[in-house]
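One structure is given here, and the rest of the page talks about it.
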There are 2 protein chains.
Amino acid sequence: MTTRRPRERGVTVEDVARAAGVSRQTISNALNAPHRLKAETLERVSAVIEQLGYRPDQSARSLKSGTRRIIAYPTPVDDPANPNPLMGGFLEAVVAASGEAGYRILLVRPRPGQSQEQALDELIAARTVDGFLLSDVLRDDPRVAHLTAAGFPFAAFGRTAPGQPQSWADVDSAQAMIDLVGLIAARGHRRVAFLASTGGQPWMDDRRDGFLAGARRHHLTTQVYSVPGDDPAGIVAATRDLLSGRARPTAVVVSGDWLTLGVYTAARAEGLEIGEDLAVAAFDDLPITGFLQPALTTVRLPLRRIAEALINRLLRIIEDGVTPEAGLLLPGELVVRPSLGP
Amino acid sequence: MTTRRPRERGVTVEDVARAAGVSRQTISNALNAPHRLKAETLERVSAVIEQLGYRPDQSARSLKSGTRRIIAYPTPVDDPANPNPLMGGFLEAVVAASGEAGYRILLVRPRPGQSQEQALDELIAARTVDGFLLSDVLRDDPRVAHLTAAGFPFAAFGRTAPGQPQSWADVDSAQAMIDLVGLIAARGHRRVAFLASTGGQPWMDDRRDGFLAGARRHHLTTQVYSVPGDDPAGIVAATRDLLSGRARPTAVVVSGDWLTLGVYTAARAEGLEIGEDLAVAAFDDLPITGFLQPALTTVRLPLRRIAEALINRLLRIIEDGVTPEAGLLLPGELVVRPSLGP
DNA sequence: TTGAAAGCGCTAACAG
DNA sequence: CTGTTAGCGCTTTCAA
């Protein structure tokens, strides 16, 4: 079945103008500056527009105006066998927030053999988008440096360096950890361990720093374990080691929910009941947390608020040319579930 | 800090032509029909293009050519508190497949008060995209009907009706279920239950039908339970009911991984050991499956292959005007884990 | 093989 | 308040 259509020429201003018996400009005005038309004309013209289903050609309009109403989101590369379960929720929030303002999200990715910076340059040079939304931003992210140098609008989920535009929003991981440790201390724990995977991501450092700050504040005895990568076996081994020592901790804070599987496994192997003999808490609130037995205490990321803040800030830059003076930290939400114990 | 830039005029053909000492047309040819240039000229011109970082303006090019190299993906509305954990993996695969072919994905969504169809019409009329990628397609999906009527290119994750263009790809849920039931039968089970949530999605029907077909083939005694919605409490109750009857099933097949939490809970409440007293299998291979104890036997969706097939088919329609004769069913992958027992 | 001219559909500037 | 003119940057004729 072949459906090759002869590149349909859609309905244009010309058509509408003729049908309404006015000039092309009047049509344009009806859409872009309705106050300039006599109420009666406007009504008549609008009816014709409606009836013909006329929409200004996006490309023509963009060519003229120089604005695309599109935001590029460089999609993080994901392992399809083990995809980031929060990506859908973040995009949901981003699409909702940008759609509200009449912008759409274009998913972009460097072509094979192309660097991140080259991909950005191409999008800028081809004037494909009005700005960039960046996520998983590192402390010294080359993309941020590049966009800053190019003077092109962006907003970052993560944090930028002091000399760079502060158009970012991030989870206040440190504060959330401090709160979490406070809760643990209030429940009488004195020896608390922190278990982290060493990926080098800045947000993981923030979590660790927050943990340490909280522990210091409550005079807790701490122990910090780092395991390479996300290898479950390594985590189980580390946790068993942690739990088999003398003076073992009565609570374990884990840098991310994903690792807790290993912790649960190890605790069982050591004959410890989670929530009874050992309190466990983590971070992220992945969809899995309800599936652990007992359910996991964790910190929920404020993805919706982050997305809204990022889009707001980006549009302020794009439309008003105003770059925020300071970054924005949004609080994580403590979700207390049985793994924390009584 | 105000960074309002005076709407930078990027580098245009004109600039490059002047710099290279040739006409505008030669530049255009160098990019779009290099074979028409003398090798030496081409080289020289390319060097200048490279040096000036020239990229044809996307809008101008689109206006002229009528092609956007953009595919719209109407993003399913997601519950941000409980996001679809597979969305990230699907988008990853879609972005990779389309990027390969030089297309990008635009996330779209009806504006407040706008219907799905109106949103499609707007994108078509404004010539914003070359085609649509649809997911979560219902058996009689209004979007498919609308795009078919408009004669606009699309590809559907799901299945279209017989009279409609068969540009779809889907998981062969029925066959995967038949295989799964075969495996269960081979392990000696004679009484098998099917537990489903009633959402009315066609793929859920496919799964049930596959289950029944498999059971028939192996002469198994079956029992089908349907629970409204995804309410965990309802599932626990139904499962307890199921398990407490006389002649209770020795295996339970669940329509989706998500529901198994309730099944596990109910089984424990009945004093049954999963994998020992009761075999459990489900569908989707959500990231949670490894977190259940014992780990869950399930069917993995071939999202990467689906995405590739959809993009392939869509581009065939867009670029060659050729609509596939038939839909494409891709096999799910049986992932056997301890919940199925010995 | 290269150059000149026209026009894609739209809107901003100006004139009536 | 409405109409005319020009041009955004590109590519597709057509002519040289």
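As a basis for the values below, the full set of heavy atoms in this structure was taken, side chains included, without hydrogen atoms, waters or symmetry mates. These numbers come from a predicted model, not from an experiment. So you know, we letter chains A, B, ... as the sequences are listed, proteins then strands, and number each from 1.
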Legend entry - Which residues share a side chain to side chain contact (heavy atoms under 4.5 Å, CB included) with A/P83, sequence neighbours left out: A/D78

Inset, instruction - Rounded to the nearest angstrom, tell me the gap between atom CG in A/L31 and atom P in C/dC10. - result: 10 Å

Inset, instruction - If a pair satisfies side chain to side chain donor-acceptor pair (under 3.5 Å) and one of its residues is in residues 41-51 of chain A, list it, with sequence neighbours excluded. - result: none

Check: protein-nucleotides 1-5 of chain D nitrogen or oxygen pairs below 3.5 Å:
unit_1	atom_1	unit_2	atom_2	d
D/dT2	OP1	A/T41	OG1	2.6
D/dT2	OP2	A/K38	N	3.3
D/dG3	OP2	A/S23	N	2.8
D/dG3	OP2	A/S23	OG	3.4
D/dG3	OP2	A/T26	OG1	3.1

Which donor-acceptor pairs under 3.5 Å do the side chains of residues 141-148 of chain A make with protein atoms, sequence neighbours left out?
unit_1	atom_1	unit_2	atom_2	d
A/D141	OD1	A/R143	N	2.9
A/D141	OD1	A/R143	NE	3.0
A/D141	OD2	A/L138	N	3.0
A/D141	OD2	A/R143	NH2	3.1
A/R143	NH2	A/S135	O	2.9
A/H146	NE2	A/D121	OD1	2.8
A/H146	NE2	A/D121	OD2	3.0
A/T148	OG1	A/V144	O	2.7

Legend entry - Whole-Å distance separating the CD atom of A/Q58 from the P atom of C/dC10: 11 Å

Legend entry - d(CG, B/D57; P, C/dC10) in whole Å: 17 Å

Legend entry - Between C1' of C/dC8 and CZ of B/R127, the distance in whole Å: 10 Å

Legend entry - Pair A/N312, A/E308: side-chain N/O donor-acceptor within cut-off below 3.5 Å: no

Inset, instruction - Any salt bridge (Lys or Arg N to Asp or Glu O under 4.0 Å) involving residues 144-153 of chain A? Give me the pairs, sequence neighbours left out, ordered by first then second residue. - result: none

Inset, instruction - Find the distance B/I27:CD1 to C/dA4:P and express it as a whole number of Å. - result: 13 Å

Inset, instruction - Find the distance B/L63:CG to C/dA6:C1' and express it as a whole number of Å. - result: 13 Å

Inset, instruction - Nearest whole angstrom, please: distance from the P of C/dA12 to the CG of A/N32. - result: 6 Å

Inset, instruction - Only pairs at least two apart or in different chains count here, so list each side chain to side chain donor-acceptor pair (under 3.5 Å) that has a residue in residues 87-100 of chain B. - result: A/R109-B/E92

Inset, instruction - Check step by step if ring-ring contact (aromatic ring centres under 6.0 Å, His included) holds for B/F157 and B/F90. - result: CA-CA 11 Å; B/F157 184 178; B/F90 178 61; 5.5 Å; yes

Legend entry - Phosphate OP1/OP2 of D/dT11 contacted by B/R61 side-chain N/O (<4.0 Å): yes

Legend entry - Pairs involving residues 23-33 of chain B, ordered by first then second residue, that meet salt bridge (Lys or Arg N to Asp or Glu O under 4.0 Å) (sequence neighbours left out): B/E14-B/R24

Inset, instruction - Return the angle between end axes of the helix from C/dT1-D/dA16 to C/dG16-D/dC1, with five pairs used per end and rounding to 10°. - result: 40°

Inset, instruction - Grab the CD-C1' distance between A/E14 and C/dT11 for me, whole Å please. - result: 14 Å

Legend entry - Those residues that, when tested against B/R55, pass salt bridge (charged side-chain N to carboxylate O under 4.0 Å, His left out) (two or more places apart): none

